[in-house]
There are 2 protein chains.
Amino acid sequence: MATIDDVAKLAGVSKGTVSSVFSKKRPISQPVTDRVLSVAKELGYFPNHIARSLAIKKTMIVGLKMPISKEGSTTQFEIQMLNGVIKECTKHGYRILLDTLPEHEDLTQFSSDPVDGVIMLNPRKHDQRIERFEQMRIPLVLVGRPDPLESSISYVDNDNEQLAYEVGSYLLKQGHRSILFLNASANMTVSVDRVNGLKKAYEEQGIPYDNVHVMNFDRQQHATPMDYGYMSILQMHEQIPFAAVVSDTDRVALGILRATRELGIDVPKDLSIVALSNDVRLAEEMSPKLTSVELSAETLGAEAGRILIQKMKDPSTVEQLIVDAQLIVRESTRSL
Amino acid sequence: MATIDDVAKLAGVSKGTVSSVFSKKRPISQPVTDRVLSVAKELGYFPNHIARSLAIKKTMIVGLKMPISKEGSTTQFEIQMLNGVIKECTKHGYRILLDTLPEHEDLTQFSSDPVDGVIMLNPRKHDQRIERFEQMRIPLVLVGRPDPLESSISYVDNDNEQLAYEVGSYLLKQGHRSILFLNASANMTVSVDRVNGLKKAYEEQGIPYDNVHVMNFDRQQHATPMDYGYMSILQMHEQIPFAAVVSDTDRVALGILRATRELGIDVPKDLSIVALSNDVRLAEEMSPKLTSVELSAETLGAEAGRILIQKMKDPSTVEQLIVDAQLIVRESTRSL
DNA sequence: CCAAATCATTAAAGCGGTTTAATTAAACCG
DNA sequence: CGGTTTAATTAAACCGCTTTAATGATTTGG
């Protein structure tokens, strides 16, 4: 690759001049500009992004820390989130550096990243990385609440407790008492939040919580989310009574529906299903159309991007945003 | 941020020594190593990735050029592909720089990228960028055939013509003559390839091709792929006779199924459906389970990653790989 | 017509690392 | 003990760009 020196030499100017021609930060006379440009084209010269970044301390790249388990692939939630981040960042000229390693393998614990800011998914409890970014003065926005909650850290999140509370209240109002809850993995904070929300709904209506059976997704047992839904129904429908099931995602609901068809269970006559959805379109395409809570993963991503971009402009920015979810009643639930 | 100079000064050594302590490329005595490390921790020093990249001419980052239309979001194909790329690259310590701008807005036409190699989706005819990367000596692997075909360019691709040919042959053997083909967008080369393959199947079996009706996805008309499937069936089932439909993707098939349910058409008794799938799991979860051709988008991505990594080691590497697809007969087709 | 102001250009000093060649210190050996 | 290796460390050059301060050249205006 030709460098700025080559161009400068051949064009008979200083490299400062060549730099100015490309960056247009300083006026250069027309004849000189033309000469430089033609020499550059001749040599196939392109400014080196890395050298430039080093000099101006800016890369126009946003880091996205989105751990993906070795075997598993990205979830629908992550995809939607990513989409939101991409759209928002691209709009402002930023690109995304994907970082899918789990925290403990994170290479960046040994070196800083070539990014102007970072969006980090699902921070863990007392996440070491958060203070590291703080220390390095790299603008950071979390997707998911930091734990412990810290008023100086920007984040976006759903209110998972509230969301489960709404679902619970809705089902209880419809007369459902025995609920099967196919929750997310046990080790996720979102799972805990949801259970709390559901409990709250029961307490508020003065109904004993005993009849709620909570299961957790477990990669060991269930190959896919759909499997999770399918197997759970097959397994539980003989063991315990339930007239409603709350599903982790819409893919899980797909499996639930398969099981009901095989068992001759009619939805929603015999069984009501509510999904905590992250793919509205899929929910609308099932039959019956799925009553679901839209998690707005894309909005979450876009808002994280927006806040980060603002923070990169003004590092003092702090914003903590709860994106609220909405229960959309479709065809898979009915009142008892 | 503390720099290597700060550490060197405070530890009373040269920066070359500090560099060696971190890179371990040269032995440094234990006492010195300890002193440097403790000073580094004290100052919160992390080697600067950009400066390092500039010096060693290596970033351990792979660029992924994956244009996404402004309104539309990533397709399932792209997601799967991305997944494959991520897995393969992560395995070898590379990270992904996502670049979703359409070709004509590509920023990199004005500056080189901080990447060691590039994977580029869906190259256009006579794609300017290909020679630019060549010129810059940046290893490049395409996903999708270059046009014109060039023996020096590495790429991975499906054989879309072959694939459509197989689907056509299969349907014809099952006795199907009138086929509705819900193809991809008209402007995609894959659409053309598929039609050619289908035609070939007809010709080979000496059956007139007149009874094949080809439609194309069009963002203007169809909000979602599912809409495309749904609307097309509603619209065409009165106008022309067909006992089989070939669907662009499994999401389109979802829409087709919705239409058949509404119209009281039984699948596969009254109508056979074959999908060109990029999400096997979805295909298996529908009812009836979808007969489909697995496009192996993830394999495509992983192979592209593998070839690129090899090419970054040995720039003389050239590999052109056709990932073959497989027709999996499930429940949505039957013999007439 | 000369001093002042304006404009285009340049030389050199960064940006924060790596690496080569030279230097010093320590170890070895007959 | 002097000479030779070997090991550890350093000074300085370099990676390719930006930017500041200085320098000439040109224009302006009183």
Side-chain angles (χ1 to χ4, degrees), chain A residues 1-37 39-40 43-61 107-108 110-116 136-138, chain B residues 1-37 39-40 43-61 107-108 110-116 136-138:
Chain A
M1 272 293 297
T3 73
I4 199 171
D5 285 289
D6 302 333
V7 176
K9 210 162 290 173
L10 195 56
V13 299
S14 77
K15 50 189 204 163
T17 302
V18 177
S19 175
S20 303
V21 166
F22 277 89
S23 69
K24 299 189 176 112
K25 288 205 177 169
R26 200 188 333 281
I28 298 293
S29 67
Q30 198 54 49
V32 174
T33 299
D34 292 347
R35 187 146 38 90
V36 168
L37 250 29
V39 167
L43 295 181
Y45 167 75
F46 292 95
N48 180 308
H49 185 277
I50 300 171
R52 181 155 208 284
S53 298
L54 181 59
I56 67 180
K57 296 168 174 299
K58 213 168 173 338
T59 61
M60 295 306 283
I61 295 177
L107 298 165
T108 58
F110 306 122
S111 133
S112 78
D113 257 356
V115 300
D116 296 340
M136 294 185 181
R137 305 218 177 300
I138 295 181
Chain B
M1 271 292 297
T3 73
I4 198 171
D5 285 289
D6 302 333
V7 176
K9 211 162 291 172
L10 195 56
V13 297
S14 77
K15 50 188 207 164
T17 302
V18 177
S19 175
S20 303
V21 166
F22 278 89
S23 69
K24 297 188 176 114
K25 289 205 176 166
R26 199 190 334 280
I28 299 292
S29 69
Q30 199 54 51
V32 174
T33 299
D34 292 346
R35 187 148 36 91
V36 168
L37 251 26
V39 168
L43 295 182
Y45 167 75
F46 293 95
N48 181 310
H49 185 277
I50 300 170
R52 180 154 207 283
S53 298
L54 181 60
I56 67 179
K57 294 169 176 297
K58 216 167 168 340
T59 61
M60 295 305 283
I61 294 176
L107 298 166
T108 58
F110 306 122
S111 134
S112 78
D113 258 355
V115 299
D116 296 339
M136 294 186 181
R137 304 219 176 301
I138 296 182

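- Nucleic acid contact for B:Ser19: base, since at least one base atom lies under 4.0 Å from a heavy atom of the residue.
- Near-neighbour residues of DNA chain D inside residues 24-36 of chain B, defined by a heavy atom below 4.0 Å, number-ordered: B:Arg26, B:Pro27, B:Ile28, B:Ser29, B:Val32.
- Rounding to whole angstrom units, CZ of residue B:Arg52 and C1' of D:dC14 are separated by 16 Å.
- No donor-acceptor pair under 3.5 Å is formed between the side chain of A:Thr59 and the backbone N or O of A:Ser53.
- Checking side-chain atoms of B:Ser20 against main-chain N and O of B:Lys25 turns up no donor-acceptor pair under 3.5 Å.
- Checked by distance alone, B:Lys15 brings a side-chain donor or acceptor within 3.5 Å of a matching partner on the base of C:dG17.
- Residue-level contact check: B:Val18 touches neither bases nor backbone, having no heavy atom under 4.0 Å from any strand.
- Residue-to-nucleotide proximity on DNA chain C shows that, of B:Pro47 and A:Ser14, the 5′-proximal contact is made by A:Ser14.
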Expected list for residues 5-15 of chain A: side-chain donor-acceptor pairs under 3.5 angstrom, two or more places apart:
unit_1	atom_1	unit_2	atom_2	d
A:Asp6	OD2	A:Thr3	N	2.8
A:Ser14	OG	A:Gly16	N	3.4
A:Ser14	OG	A:Thr17	N	3.3
A:Ser14	OG	A:Thr17	OG1	3.2

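- Side-chain N/O atoms of B:Thr17 include none lying less than 4.0 angstrom from OP1 or OP2 on D:dT9.
- As rounded to whole Å, 15 Å separates atom C1' of C:dG14 from atom CD1 of B:Ile50.
- Going from atom CG of B:Asn48 over to atom C1' of C:dG16 covers 6 Å, rounded to whole Å.
- Using a 4.0 Å heavy-atom criterion, one finds that B:Tyr45 contacts the sugar-phosphate atoms exclusively.
- Between B:Lys57 and C:dT18 there is no side-chain polar atom (N or O) within less than 4.0 angstrom of OP1 or OP2.
- As judged by a 4.0 angstrom heavy-atom cut-off over every strand, A:Ile56 is placed among residues touching the sugar-phosphate backbone only.
- Side-chain atoms of A:Thr33 never come within 3.5 Å of backbone atoms of A:Val21 as a donor-acceptor pair (strictly under, hydrogens ignored).
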